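A short worksheet on the structure shown next.
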There are 2 protein chains.
Amino acid sequence: MFQALADPSRRFMVERLSRGPASVSELAKPLTMSLPAVVQHLQVLENSGLIRTEKVGRVRTCHIEWAAMQTAEQWMDERRKSWERRLDRLGEFLAEDGNQ
Amino acid sequence: MFQALADPSRRFMVERLSRGPASVSELAKPLTMSLPAVVQHLQVLENSGLIRTEKVGRVRTCHIEWAAMQTAEQWMDERRKSWERRLDRLGEFLAEDGNQ
DNA sequence: GGTTTACTTAAGCATATGCTTAACCAACAA
DNA sequence: TTGTTGGTTAAGCATATGCTTAAGTAAACC
């Protein structure tokens, strides 16, 4: 998941998709790479669970899967919480008599 | 930055560091890899801005740099916001007369 | 039926990544 | 001063990643 977001082109696609669904070629248009390259990126994003795609006729439409995005946010949130707990304990310690 | 968080060992180190500072060998202990490998991971984390390290005597102490962590959180937050704006517009559209 | 359009599959390739081992150095400790 | 500890540097290597081109397939269009 972080792996999937590690690539700039893939983040660019996610940015585009966060403004609404898009087809493969729509996603490819602003990029300078070949279409197969775009599809490979989309596969990485799909395997990571960050997007979902659906083929109707001959066009494949992609949308963001927010559940996965939240997982990443959650991970960082937990790091922050455990950091804050630490600061709290430190504060309590410093507030105790004789620890100044 | 996402790149730096993409590796499980590096996330493990960040998890450890979110509970407080640690030396290189303290970080290495729970891992199965060699010490140079650990140092290489730390360099990636430091270059990404996610951690800061400081050498005193012969021990290097590492701590998390929260500003960088927030940058990643912010990015995801903005994606979510632009998604919510979209849903709002969609809601408004559906609420208009004749769009049902 | 023939052609364009929208992908898909497969193969190959250059560079990046995540390790390893083998030396090395510098701060303590005995 | 000799060893030990904590880390560093360098080189090499296997696999992963991010592309490419070339050749499909299959739905729409004329």
Side-chain angles (χ1 to χ4, degrees), chain A residues 1-17 19-65 68-69 71-72 75 79, chain B residues 1-17 19-65 68-69 71-72 75 79:
Chain A
M1 252 229 18
F2 280 110
Q3 182 66 270
L5 289 174
D7 184 87
S9 310
R10 282 195 296 261
R11 279 200 302 278
F12 188 82
M13 291 180 195
V14 168
E15 277 175 37
R16 168 63 189 82
L17 289 175
R19 291 196 297 275
S23 72
V24 172
S25 33
E26 270 176 316
L27 284 170
K29 205 161 287 175
L31 271 0
T32 56
M33 64 186 89
S34 70
L35 216 141
V38 172
V39 174
Q40 280 164 36
H41 281 305
L42 287 173
Q43 268 159 11
V44 173
L45 286 171
E46 190 163 20
N47 290 339
S48 79
L50 278 167
I51 70 166
R52 210 159 22 90
T53 80
E54 195 184 354
K55 196 163 185 177
V56 174
R58 62 185 165 168
V59 8
R60 176 173 300 279
T61 310
C62 316
H63 5 57
I64 286 204
E65 192 59 64
M69 203 71 161
T71 306
W75 184 85
R79 291 319 115 226
Chain B
M1 252 229 19
F2 280 109
Q3 182 66 271
L5 289 174
D7 184 87
S9 311
R10 282 195 298 261
R11 279 199 303 275
F12 188 82
M13 293 180 194
V14 168
E15 277 177 35
R16 168 63 191 79
L17 289 176
R19 292 195 297 275
S23 72
V24 173
S25 34
E26 271 176 315
L27 284 171
K29 205 162 286 175
L31 270 1
T32 56
M33 65 185 88
S34 70
L35 215 141
V38 171
V39 175
Q40 280 165 37
H41 280 306
L42 286 173
Q43 268 160 12
V44 174
L45 285 171
E46 191 164 19
N47 291 339
S48 80
L50 278 168
I51 71 167
R52 209 160 20 93
T53 80
E54 195 182 355
K55 197 165 185 176
V56 174
R58 60 184 167 171
V59 7
R60 176 173 298 279
T61 311
C62 316
H63 5 56
I64 285 204
E65 192 59 65
M69 204 72 159
T71 307
W75 185 85
R79 291 318 115 227

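By convention in this document, chain letters (A, B, ...) are assigned in the order of the sequence lines, proteins followed by strands, and residues within each chain are numbered from 1. Keep in mind that what you see is a predicted model, and the values were worked out from it rather than measured.
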For a quick check of understanding: with a heavy-atom distance under 4.0 Å over all strands, which category does B:Glu26 fall into, base, sugar-phosphate or nothing?
nothing

Side chain of A:Ala37 - closest among C:dT21, C:dT8, D:dT20:
D:dT20

Between C:dC7, C:dG18, C:dT21, which nucleotide gets closest to the side-chain atoms of A:Ser25?
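In terms of side-chain proximity for A:Ser25, the closest of C:dC7, C:dG18, C:dT21 is C:dC7.
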
Taking atom [atom2] of [N] as reference, at what distance in whole Å does atom [atom1] of [X] sit?
X: A:Leu5; N: D:dT17; atom1: CG; atom2: P; result: 15 Å
X: A:Leu35; N: D:dA23; atom1: CG; atom2: P; result: 18 Å
X: B:Glu54; N: D:dG6; atom1: CD; atom2: C1'; result: 16 Å
X: B:Arg58; N: D:dT4; atom1: CZ; atom2: P; result: 13 Å
X: A:Glu46; N: C:dC7; atom1: CD; atom2: P; result: 14 Å
X: A:Gln43; N: D:dA16; atom1: CD; atom2: P; result: 17 Å
X: B:Leu42; N: C:dT17; atom1: CG; atom2: C1'; result: 16 Å
X: B:Arg10; N: C:dC19; atom1: CZ; atom2: C1'; result: 12 Å

For nucleotides 10-15 of chain C, read 5' to 3', which letter fits each nucleotide if B means a protein heavy atom sits under 4.0 Å from the base, S means only the sugar-phosphate is that close, and - means neither?
------

Looking at [X], I'd like to know whether one of its side-chain N or O atoms comes within less than 4.0 Å of OP1 or OP2 on [N].
X: B:Ser34; N: C:dT20; answer: yes
X: A:Lys55; N: D:dA26; answer: no
X: B:His41; N: C:dC19; answer: yes
X: A:Arg60; N: C:dT8; answer: yes
X: B:Ser9; N: C:dG18; answer: no

Please answer whether the main-chain N or O of A:Ala4 pairs with a side-chain N or O of A:Arg10 as donor and acceptor at a distance below 3.5 Å.
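Here the side-chain-to-backbone pair exists.
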
Does the B:Arg11 side chain pair with the main chain of B:Leu5, one donor and one acceptor, at a distance under 3.5 Å?
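Checking the backbone N and O of B:Leu5 against the side chain of B:Arg11, a donor-acceptor pair under 3.5 Å is found.
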
Work out which heavy atom in [X] is nearest to a heavy atom in [Y]; give both atom names and the distance.
X: A:Leu17; Y: A:Ala22; result: CD2-N, 3.7 Å
X: A:His41; Y: A:Ser9; result: NE2-CB, 4.1 Å
X: B:Ala37; Y: B:Met33; result: CB-SD, 3.6 Å

CD1 on A:Ile64 to CZ on A:Arg52, rounded to 0.5 Å:
11.0 Å

Please figure out whether A:Thr32 or A:Val56 has its closest DNA chain D nucleotide nearer the 5' end.
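The 5'-side residue here is A:Thr32.
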
Can you tell if the side chain of A:Gln3 reaches within under 4.5 Å of the side chain of A:Val44, non-hydrogen atoms only?
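SC-SC contact between A:Gln3 and A:Val44 ruled out.
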
Starting at the 5' end of DNA chain C and moving along, which residue's nearest nucleotide shows up first, A:Gln3 or A:Val59?
A:Val59

The criterion is side-chain hydrogen bond (donor to acceptor under 3.5 Å, both in side chains); which residues satisfy it with A:Ser48, sequence neighbours excluded?
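For A:Ser48 there are no side-chain hydrogen bond (donor to acceptor under 3.5 Å, both in side chains) partners, ignoring immediate neighbours.
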
